Amino acid sequence: MDPFSRSVTIALADIQLQTALDRGTTRGVNARIGAMAETTDAAALRHQARLARERALNRLPDLLEQLERNVVANGGHVLWARDAAELNRVILELCQKHSVRRVTKGKSMVTEESELNHALEARGIEVTESDLGEYIIQLAGETPSHIVFPMLHKTKEATARLLHEKLGMPLTDRPEEMTRFVRNVMRRKYLEADMGISGVNFAIAETGTIATVENEGNNRLSTSTPPIHVAVMGVEKVIATWEDYAVLVQLLARSATGQRLSVYNNLMSGPRRPDEPDGPEVFYLVILDNGRSRILATEYAESLACIRCGACLNACPVYQNIGGHAYGWVYPGPIGSIVSPLLLGPTRAPKLPYASSLCGACQAACPVEIAIPDMLLKLRRDLVQAGDPTPGWRIGMKLWAIAFKSPTLYRLGGRLVGWLTRLLAGRKGYLRRLPPPFDGWTTSRDFPAFGAPSFRERYARRVHKT
Amino acid sequence: MSARNDILNALRAALAKGEPFPKADSPSILPVTRLDPNEDLTARFVAEVERVKGIVHRATGDDDARRIIRDLLTDRCVRRVTMWDEAHLPLNGIEALLGELGIERVQGSNEAVATAEAGITSADWALASTGTLVLSSGPGRPRMASLLPPVHIAVLTEDRIVPRLEDYIAAQRAQRLGVFRGSSNVTLITGSSRTSDIEMHPVFGVHGPLELHIVLIENLG
Ligand code: SF4
C-alpha cells in the first residue's frame, strides 16, 4: 500500500480521531455558515475579497518592494529567503547575532514548512509554541492537523491526559481548567523570552504594516514582550491597501471561526519608537519564497490567493473522515491537496489530487472563491501526462472514452455489464469481490449489481408514455 | 546573487506573460457587517461587546466613571495597576484615585508591569458593528496595559464610536494613514481573550486579559 492509503486506513480506524473530527468540523461548518449569512451580501463580499487577493498577486514584486521600503522607513529590517533551508539559516543567524537562548512563537504555518523548531532546538535554543493548540501539539511531539485548529485531531480527554502526564495538571474534562492551567505555565515563558517569532496573516504594503489575527493573546504577547520580534511571511501574503485589509480580515474571521472579528487583530509597523514605553526594540521581517514564485507562473496561480482560513478543510467530506495528518505535510485538506504537490513537487504527494470526490463543498466555502476542484482535476491531468498510470490503465481509459462518446456502444456496454453483474451476484444482489483491476472497490465494501431495467431504459419508456 | 534579487526576479519572470488576473481593478467598497443607518451606535456597540464576553459600564459623567473604576478595583482587591498616562485618558483624577485607595502604579519593565492586577487605558476609537476597541501605542500609551494584567479597563467617551472597521480605515485614509506609520502597534480588541482549540469549544480567558471592562462615558449635551 502507498503511504497515503496506509495513513488513511489507520485514520479511519482511529475512534478517538473520528470523535474529535466529528465534533470539530461540524462546529466549524455551522459557525461559518451562520457568520457569512449575516453579512451585507456574502456573494459580493467573497468576490470583493477575491479581487483584493488578485490585485496583490498581479503586482506581487512591486508590492513586496513597497512593503520593504515602508518597513525600513518604520525602523524595521527586511530579510529574504529563497527556500526553507535558507529561512532557517537566516533565523539562526539572527539568534546568534543577538545571543538568543529562548524563543516564544506565535502561530506560523510557514515555519512549519521549514521545521524551524527542530533547527533551533538542534542549536540548543529553547522554543515554546504559545498558541494553546500549538503548545499542546508541541508537548505531544506531534504536528498540526488543521491550519486554524492545530489540535483538531485530539479529544479533550486525550488533551487532559497529556497535560497531566507532562506537566502534572490535575485531571479534568473541562477545557476551561486546562486552558487556565496552560495560561499560568506560559506567563513565565513570555517574560523570559529573548525573541518572539510570529507568522503574518497580511502585510499591508502602503504602510509597511504586518497584521496578525488571533483570539488568545499569545501572538500579541509573543510579538510585544521579547526585545526582538521576527515576523515570517510567504511572498504571497502582501496586500495593497488598508481597504483590502478590512474586507479580507473580516471574511477570514467569519470563515475560520464564525466570529465577526477575531479577538486581537494586531497591526505592527516596525519596532517601538524611541519615545514608546514598550514593545520590541528590534523588528525583522523575513520574506520566504519556497516555491511560490514557481506557482505564480502556472495555471495554479490562484492557489496563492488562499488566506488560510481552514473553511475548506472543515467542509470537505474527505478531511472530515481522515483528518489532517493523513495528508502527510503541513497543509492538509482540499487546499493542501493542491499546495503540497505544487510546493513539494508532484512525486512527493502523488495521491493527494485524488483525495477528493470533487463535490465542490470546498469551493462553496472558500471566502476568496478558489476553484479547488478544477485545480485538483488539472493536477490529476498533469500526473497522467507525467506518465503516472500503467499501460493497462491507459488502454482502459482509451476504451472507456470511446464507449462514452458513442450512444450505441454505451448502451450495449451498459447492458452487458448489467447482465454480467446480475449473473455473478446471483440471489444476494451484490458482489463480495470484483475481478481485477476493479478489486480496489471491494476491499472495504460490497458491490451492488446493476438494477434492471436500467435508468436509460426506464427514462426512454417514460418519455414515450407522456 | 542575493536572495532578495533572486526572488524578485523569479516573481517578475512569472508575471512576464502578463497579469495572471486581468480583471481585478474594482476597489473594496462594500462594508462587511450589516448596520441600519438609523441604528443607535451606542446600543449596538454595547450589544456587540456583550456578545463577545466584554462588559460595558455606562457612566453619566466623569464622577460616575471614577466611581465605576473605583468599584472595579476595590471589588477585585487590586493592589497594583498599570495604566496609560492621564493625559491620554478622557478623564482625570485616576492617579489621585489610586493614591486614595492605596494602589501602587507600576510601569517600566515587563517584569514590573506583570505584577499589576489591572490595566487602565483609553481607546482611540470603538467600532459599533463588531464591538471592537482600537488602541494605538505611543508615548505614555504602553501596549502592556491592555495585555499583561488579568483585568483590562478601557475608558472612553461615547463620541469615539464609529459604525464599522471600514469607517475607521476611511478616517485614517483621510489622515494619510499617519497612525500606522507613527505608532508601532495598533490593536483591534474584540472581546475577551478566547480559544476554541479544544474540540472547537469556546473558552474565555486564555493568554490575554481574563476580563474586559469598558467604561463608556455619556456625551455631554
Ligand atoms: S482555499 Fe479558501 S477555504 Fe481553503 S483555507 Fe484557503 S481561503 Fe480558506
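Just so it is clear: chains get the letters A, B, ... in the order the sequence lines come, proteins before strands, and each one is counted from 1. On a predicted model such as this, the values are computed, not experimentally measured, just so you know.
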Can you say whether A/Asn266 sits under 4.5 Å from chain B via the side chain, the backbone, both, or neither, judging by heavy atoms? both
Taking A/Leu152, A/Thr159, A/Thr155 one by one, which has the highest count of heavy-atom pairs under 4.5 Å against chain B? A/Thr155
Checking A/Val78 against chain B: side chain, backbone, both or neither under 4.5 Å from a heavy atom? neither
Let me know if B/Leu135 has heavy atoms under 4.5 Å from chain A in its side chain, its backbone, both or neither. neither
Distance check, rounded to the nearest 0.5 Å: A/Thr179 atom OG1 versus B/Asp197 atom CG? 8.5 Å
At their closest point, which heavy atom of B/Leu147 faces which heavy atom of A/Arg187, and how far apart are they? O-NH2, 4.3 Å
In terms of heavy-atom proximity below 4.5 Å to chain B, should A/Val235 be classed as side chain, backbone, both, or neither? side chain
Considering only heavy atoms, which portion of B/Phe204 lies under 4.5 Å from any heavy atom of chain A: side chain, backbone, both, or neither? backbone
Starting at OG of B/Ser137, measure out to CG of A/Leu267 and round the result to the nearest 0.5 Å. 10.5 Å
Which atoms form the tightest heavy-atom contact between B/Leu30 and A/Ala44, and what is the distance? CD2-CB, 3.7 Å
Output, in order, the C-alpha distance, side-chain angles, deciding distance and verdict of side-chain hydrogen bond (donor to acceptor under 3.5 Å, both in side chains) for B/Arg143 and A/Ser224. CA-CA 8 Å; B/Arg143 312 173 179 202; A/Ser224 295; 2.9 Å; yes
At a heavy-atom distance under 4.5 Å, which candidate from B/Gln107, B/Arg173, B/Arg141 has the highest pair count against chain A? B/Arg173
Toward chain B, the part of A/Ile210 with a non-hydrogen atom under 4.5 Å: neither
Quick one: what part of A/Leu64 sits under 4.5 Å from any heavy atom of chain B, side chain, backbone, both or neither? side chain
Select one option (side chain, backbone, both, neither) describing which atoms of B/Pro27 are under 4.5 Å from chain A's heavy atoms. backbone
Please evaluate residues B/Ile169 and A/Glu243 with respect to the criterion side-chain contact (heavy atoms from CB on, under 4.5 Å), reporting the C-alpha separation (whole Å), side-chain torsions for both, the decisive distance (0.1 Å), and the verdict. CA-CA 7 Å; B/Ile169 302 270; A/Glu243 285 75 11; 4.0 Å; yes
Is it the backbone or the side chain of A/Ala81 that comes under 4.5 Å from a heavy atom of chain B, or both, or neither? backbone
Can you check salt bridge (Lys or Arg N to Asp or Glu O under 4.0 Å) on A/Arg188 and B/Glu111, steps first, answer last? CA-CA 10 Å; A/Arg188 294 287 344 141; B/Glu111 286 285 347; 3.2 Å; yes
Find the one option among B/Leu127, B/Val32, B/Ile29 whose heavy-atom pairs under 4.5 Å with chain A are most numerous. B/Val32
Most heavy-atom pairs under 4.5 Å with chain A, out of B/Gly191, B/Ala10, B/Ser26, belong to B/Ser26
Could you tell me which portion of B/Leu165 (side chain, backbone, both or neither) has an atom closer than 4.5 angstrom to a non-hydrogen atom of chain A? side chain
Do B/Ile198 and A/Leu132 have side-chain heavy atoms sitting under 4.5 Å apart? yes
Point-to-point distance, once rounded to the nearest 0.5 Å, from CD of B/Glu166 to CD of A/Gln250: 4.5 Å
Against chain B, label A/Ser262 side chain, backbone, both or neither, depending on which of its atoms sit under 4.5 Å from a heavy atom there. backbone
Short N-O contact, B/Arg194 and A/Glu214, less than 4.0 angstrom: no
Intermediate values then yes/no, side-chain hydrogen bond (donor to acceptor under 3.5 Å, both in side chains), A/Asp244 and B/Ser28: CA-CA 6 Å; A/Asp244 289 346; B/Ser28 301; 2.8 Å; yes
So what's closer than 4.5 Å to chain B heavy atoms on A/Lys154: side chain, backbone, both or neither? backbone
Walk me through it: do A/Trp80 and B/Leu8 pass the test side-chain contact (heavy atoms from CB on, under 4.5 Å)? CA-CA 10 Å; A/Trp80 303 71; B/Leu8 289 172; 4.0 Å; yes
With rounding to the nearest 0.5 Å, note down the distance linking OG in B/Ser196 to CZ in A/Phe149. 5.5 Å
Among B/Val203, B/Val206, B/Leu210, exactly one meets side chain to side chain contact (heavy atoms under 4.5 Å, CB included) together with A/Arg180. Which residue is that? B/Leu210
Name the region of A/Phe283, side chain, backbone, both or neither, that has any atom closer than 4.5 Å to a heavy atom of chain B. neither
Determine, step by step, whether B/Ser193 and A/Glu216 satisfy the side-chain hydrogen bond (donor to acceptor under 3.5 Å, both in side chains) criterion, reporting the C-alpha distance in whole Å, the side-chain angles of both residues, the deciding distance to 0.1 Å, and the verdict. CA-CA 5 Å; B/Ser193 155; A/Glu216 298 182 2; over 6 Å; no
Under 3.5 Å, side-chain donor or acceptor atoms of residues 11-24 of chain B against the rest of the protein: list the pairs with distances, not counting sequence neighbours.
unit_1: B/Arg12; atom_1: NH2; unit_2: A/Asp62; atom_2: OD1; d: 2.8
unit_1: B/Arg12; atom_1: NH2; unit_2: A/Glu65; atom_2: OE1; d: 3.0
unit_1: B/Lys17; atom_1: NZ; unit_2: A/Ala297; atom_2: O; d: 3.0

What one should report as the nearest heavy-atom pair of B/Ile7 and A/Ile287 is CD1-O, 4.2 Å
Quick one: CG on A/Leu191 to CG on B/Asn110, what's the gap to the nearest 0.5 Å? 6.5 Å
Separation between CG of A/Asp278 and OG of B/Ser109, rounded to the nearest 0.5 Å: 10.5 Å
Tell me, for A/Arg254 versus chain B, whether the close heavy atoms (under 4.5 Å) come from the side chain, the backbone, both or neither. side chain
Just by distance, do the side chain of B/His207 and the backbone of A/Asp131 share a donor-acceptor pair under 3.5 Å? no
Determine whether B/His201 and A/Arg23 satisfy the following criterion, side-chain contact (heavy atoms from CB on, under 4.5 Å), listing intermediate values before the conclusion. CA-CA 9 Å; B/His201 172 89; A/Arg23 291 179 188 163; over 6 Å; no
Neighbour count >12 (heavy atoms, 6.0 Å) for atom CZ, A/Arg273: yes
May I ask you to list the residues in residues 176-188 of chain B that approach chain A closer than 4.5 angstrom, counting heavy atoms only, ordered by number? B/Leu177, B/Phe180, B/Arg181, B/Gly182, B/Ser183, B/Ser184, B/Asn185, B/Val186, B/Thr187, B/Leu188
If you apply the rule side-chain hydrogen bond (donor to acceptor under 3.5 Å, both in side chains), what do you find for A/Arg220 with B/Ser146, and how did you get there? CA-CA 10 Å; A/Arg220 276 189 81 196; B/Ser146 63; 2.8 Å; yes
Quick check on A/Thr209 against chain B: is it the side chain, the backbone, both or neither that has a heavy atom closer than 4.5 Å? side chain
Which answer fits A/Pro175, side chain, backbone, both or neither, if we ask what part of it has an atom under 4.5 Å from a heavy atom of chain B? both
Heavy-atom distances under 4.5 Å only: say whether B/Gln172 touches chain A with side chain, backbone, both or neither. neither
Which answer fits A/Met186, side chain, backbone, both or neither, if we ask what part of it has an atom under 4.5 Å from a heavy atom of chain B? side chain
Test your reading of the model: is there a side-chain donor-acceptor pair from A/Arg260 to the backbone of B/Thr130, 3.5 Å cut-off? no
Given that the side chain runs from C-beta out, which part of A/Asn314 has a heavy atom under 4.5 Å from chain B: side chain, backbone, both or neither? side chain
Minimum heavy-atom separation for B/Gly208 and A/Tyr264, please, with both atom names. CA-OH, 3.8 Å
